[in-house]
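Here the structure is laid out as structure tokens; the discussion comes afterwards.
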Amino acid sequence: MSRNSRSARSAPGARLAVDIGGTFTDVVLQAGGRLWTTKVLTTPTAPETGLLEAMQTVLADASMTARELDLLILGTTLATNALIERKGAKTALITTAGFRDVVEIGWEHRFAQYDIFLDKPAPLVPRDLRFGVAERINVDGKVLRRLDEAAVVQLAAQLQKENVESVAVAFLQSYANPLHERRVRELLQQHAPGLWVTLSSDVCPEVREYERTSTACANAYVQPVMAGYLQRLETRLRDLGVRCPVYLMTSGGALTTLAIGAAEPVRLVESGPAGGAILSRTVAQQCGVNRALSFDMGGTTAKICFIDDFEPQLSRNFEFGRMYRFLKGSGLPIRIPVIEMVEIGAGGGSIARLDEMKRVQVGPDSAGSEPGPACYARGGTHATVTDADCVMGYLDAERFAGGRVKLDSKLAEQAVANAIAGPLAVNTELGALAINEIVTENMANAARVHAMELGKTVEQYTLIAFGGAAPLHAARLAAKLGIARVIVPLNASVGSALGFLKAPVAFQAVRSWHAILNALDTRRANALLDDMQQQATDMVRAGAPGEALKTTRVAYMRYQGQGHEIAVDLPAGKLTAGNTAALAARFARAYHAMYGRTIPNLGVEIMSWSVTVATQLKPAARARHVRKRVAPRAATTRAGFEATQGKVRAAKVYERSQLAAGSVIRGPALVAEDQTTVVVTADYSIQINELGYTVLSRNGSRRT
């Protein structure tokens, strides 16, 4: 735990960020230019309990009360867990007659073409709770067949009889005209007032009925759970004395209000990992890294995200519950603004086992926080990545998680021996090495696949590592990927929560309207963009009144007849007939950058439009170069297993707080902090930069 003996009681701008992960709940308090951090085990059955415990701990460390907070930011995995574990509300779907099976048909294509036993993810709404209603609106928004209101009234009674809690309404062309969906909501509110109702035209007003319907179903599925949780949390925070604004982190890397979070909880699905990407963006700015690879490894999962020119890769698509770990299309789609990242079951709690061929497998299932890895001594018996790290000598049993979790190395050795080393007839250290190498290779493979999908060369990037487990595995991961430099920021173990404090308040409005570029109706386009900007501005103003705002406008474009679009920034100001040629040139440059070619003599079309309004943030100051200096003597040595050399050897252990800027250490070595350890393998050396960040450079590399 980070502590500071001076009180922050009178310091202005006290801000507290909480990241509720699958294993740990991380808290960062920033006040008066100082930071206090803590980690506690997550309480899965009642996440707010662990949150409040962590809050009270860090406030006591800073000699503050909850009433003195000026801002509280929360990232939660509750929506994600409800979707993945299928623990949401009993949900029904109302759609256009004849289209109730669109969530089961999906895209029709086979994501694993030659797998005759292919498993597809089951829809969130079972078939007996999917209902078709007569209505039809065309792609231009014209009503072709009026809504059968009598059928909707009958459905309201049936839904109550079936004890349905939440309803998703997704008509075929509602993105063009939401009239019928809104009328269904009115009728349900009149005849079944206890139902939660989600309209696809609210959460995803875009073309492609499968993605839109799936998104509406996901929102409806988690809404009662999330709304109830947020209401309980708000009450308990108020009882604790919190009087400041409370914001939620969204999957797109922005902050939003509790009201929006309760209305559209699907926007919170990747809230925690998004905070880590925001932190990496800041670190990249500070260190002048134009190409960064964000690596966040916690207790349950690992997340990898590419950041180019200080901007995380963004997307409007996300999949959850993939049946096949790395295969796109094997999960259920959600169409929301999201930071593009790959997430795999590779965390400290990931469980290791042997398959039928005695190959070591790690994850994706996790021991979580209850009971946790074997070395937690909380009843867990499975061998996990944390157990392997403990056996390899990487962890200080007394300081793990800031001393809040005392590790039992004998239990770790026993678990690794039983699960891996014994059946393979090798010593315990080699069994631990096998776990370590497999989980690291899983992460490296995910990064390679993600890089290929985005057309990037991973060797050209700098790895930014954070999360409790990432500093332990960053050097080996970088070596496998051919990366020459790794940066571990201060307070890395609570990196996502720290990133929350660096995020803007923002909202993205998205609408679908098909237009041929060379025949663009600029009057209609400008009216649409103005309406979207007003919507986004109103949302942001609700949480950030009076702050300076910036607006980003994007068109999703493609060559006519193609199936997918790319994002192209729109020029500032009103669109005119004169700047459509410039927009076509922008599209050509973006298309060439992604695919390495353009297609001559083929028209360009716009499928969707987006406007993002966000509070303005100052770019992070650049760290200055510091002279190298000899590091102080190691605090101690620890027997550790050197993965690159395959043997146990003594590693010098340096106390991070004792290393001044410029200090240089050659691996193998361990740099110990209260909440994590940086493992420096024999092929890397480190230098502490001006900001106190630990920078690993591959020996023989010119980069420093």
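Start at 1 with the first residue, then count along the sequence. Quick caveat: nothing in here was measured; it's all calculated off a predicted structure.
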Exercise for review: Look at Lys480 together with Glu437 and state whether they make a salt bridge at an N to O cut-off of under 4.0 Å.
Suggested key: yes
Point to revise | Point-to-point distance, once rounded to the nearest 0.5 Å, from CG of Leu463 to CD1 of Ile483 | key: 5.0 Å
Review point. Where is the tightest heavy-atom contact between Phe466 and Ala277, given as atom of each residue plus distance?
Key: CZ-N, 4.4 Å
Check your understanding: Any side-chain heavy-atom pair from Met249 and Ile278 closer than 4.5 angstrom?
Key -> yes
Review point. Taking atom types as modelled, is there a side-chain donor on Glu673 or Thr676 under 3.5 Å from an acceptor on the other?
Key: no
Review point. Looking at side-chain heavy atoms only, is the closest gap between Leu314 and Ile339 below 4.5 Å?
Key: yes
Point to revise | Residues Glu264, Arg267: salt bridge by 4.0 Å N-O rule | key: yes
Review point. When you check the side-chain N and O atoms of Asp387 and Thr384, is any donor under 3.5 Å from an acceptor?
Key: yes
Check your understanding: Is the side chain of Arg15 donor-acceptor paired with the backbone N or O of Leu501 at a distance under 3.5 Å, no angle test?
Key -> yes
Practice item. Quick one: pull up CG in Leu258 and CE in Met226 and give me the separation to the nearest 0.5 Å. Key: 9.5 Å
Exercise for review: Please answer whether the main-chain N or O of Ser496 pairs with a side-chain N or O of Asp19 as donor and acceptor at a distance below 3.5 Å.
Suggested key: no
Review point. With a 4.0 Å cut-off, would you call Lys303 and Glu270 a salt bridge?
Key: no
**Study point:** Ile307 and Gln313, any side-chain heavy atoms less than 4.5 Å apart
**Key:** no
Review point. Taking the side chain as C-beta and beyond, is there a heavy-atom pair between Asp389 and His473 under 4.5 Å?
Key: yes
Practice item. Using atom types as modelled and distance alone, determine if a side-chain donor or acceptor of Arg656 lies under 3.5 Å from a backbone N or O of Leu659. Key: yes
Practice item. Step through the shown structure and confirm whether more than 12 heavy atoms of other residues, nucleotides or ligands are within 6.0 Å of NE2 on His450. Key: yes
Review point. Tell me, do Val626 and Gln687 make a side-chain contact under 4.5 Å, heavy atoms counted?
Key: yes
Review point. Roughly how far, to the nearest 0.5 Å, is the CD atom of Gln30 from the CZ atom of Phe500?
Key: 14.0 Å
Practice item. Look only at the side chain of Thr428 and the backbone of Glu413, and say whether a donor-acceptor pair between them is shorter than 3.5 Å. Key: no
Check your understanding: Regarding Thr38 and Asp61, is there a side-chain donor-to-acceptor distance under 3.5 Å anywhere?
Key -> no
**Study point:** Backbone of Pro337 reached by a side-chain donor or acceptor of Ser251 within 3.5 Å
**Key:** yes
Exercise for review: Without swapping roles, check the side chain of Thr256 against the backbone of Leu248 for a donor-acceptor pair under 3.5 Å.
Suggested key: no
Check your understanding: Between Tyr221 and Arg86, is there a donor-acceptor pair closer than 3.5 Å when you use the side chain of the first and the backbone of the second?
Key -> yes
Check residues 233-244 and write down every donor-acceptor pair under 3.5 Å in which the side-chain atom is one partner and the other belongs to a residue at least two apart or another chain.
residue, atom, partner, partner atom, Å
Thr235, OG1, Gln231, O, 3.0
Arg243, NH1, Arg238, O, 2.9

Check your understanding: With no hydrogens and no angle check, do the side chains of Thr43 and Thr49 hold a donor and an acceptor under 3.5 Å apart?
Key -> no
Exercise for review: Take Ile435 and Val416 through the side chain to side chain contact (heavy atoms under 4.5 Å, CB included) test and state the conclusion after the steps.
Suggested key: CA-CA 9 Å; Ile435 296 173; Val416 173; 4.2 Å; yes
**Study point:** Between CZ on residue Arg67 and CG on residue Leu59, distance to nearest 0.5 Å
**Key:** 13.0 Å
Review point. Quick one: CD1 on Ile487 to OG on Ser294, what's the gap to the nearest 0.5 Å?
Key: 11.5 Å
Review point. Below 4.5 Å, heavy atoms only, C-beta onward: do Val680 and Ser685 meet side chain to side chain?
Key: no
Practice item. Start with the C-alpha distance between Leu255 and Ile73, add both sets of side-chain angles, then the distance that settles side chain to side chain contact (heavy atoms under 4.5 Å, CB included), and finish with yes or no. Key: CA-CA 8 Å; Leu255 304 180; Ile73 305 169; 3.5 Å; yes
Review point. Are side-chain heavy atoms of Ile304 and Leu293 found at a separation under 4.5 Å?
Key: yes
**Study point:** Note, Ile688 side chain near Val695 side chain (heavy atom, < 4.5 Å)
**Key:** no
Review point. Do Phe306 and Tyr461 have their ring centres less than 6.0 Å from each other?
Key: yes
Check your understanding: Leu51 and Ile20: side chain to side chain contact (heavy atoms under 4.5 Å, CB included), yes or no, with the steps?
Key -> CA-CA 7 Å; Leu51 181 156; Ile20 303 176; 3.6 Å; yes
Practice item. Among Val385, Ile344, Leu472, find the one that has a side chain to side chain contact (heavy atoms under 4.5 Å, CB included) with Met297. Key: Val385
**Study point:** Short side-chain donor-acceptor distance under 3.5 Å, Thr25 and Thr42
**Key:** yes
Exercise for review: Apply side chain to side chain contact (heavy atoms under 4.5 Å, CB included) to Tyr376 and Thr386, showing your working.
Suggested key: CA-CA 9 Å; Tyr376 283 14; Thr386 297; 4.2 Å; yes
Check your understanding: Distance from Ser366 atom OG to His382 atom NE2, nearest 0.5 Å?
Key -> 10.5 Å
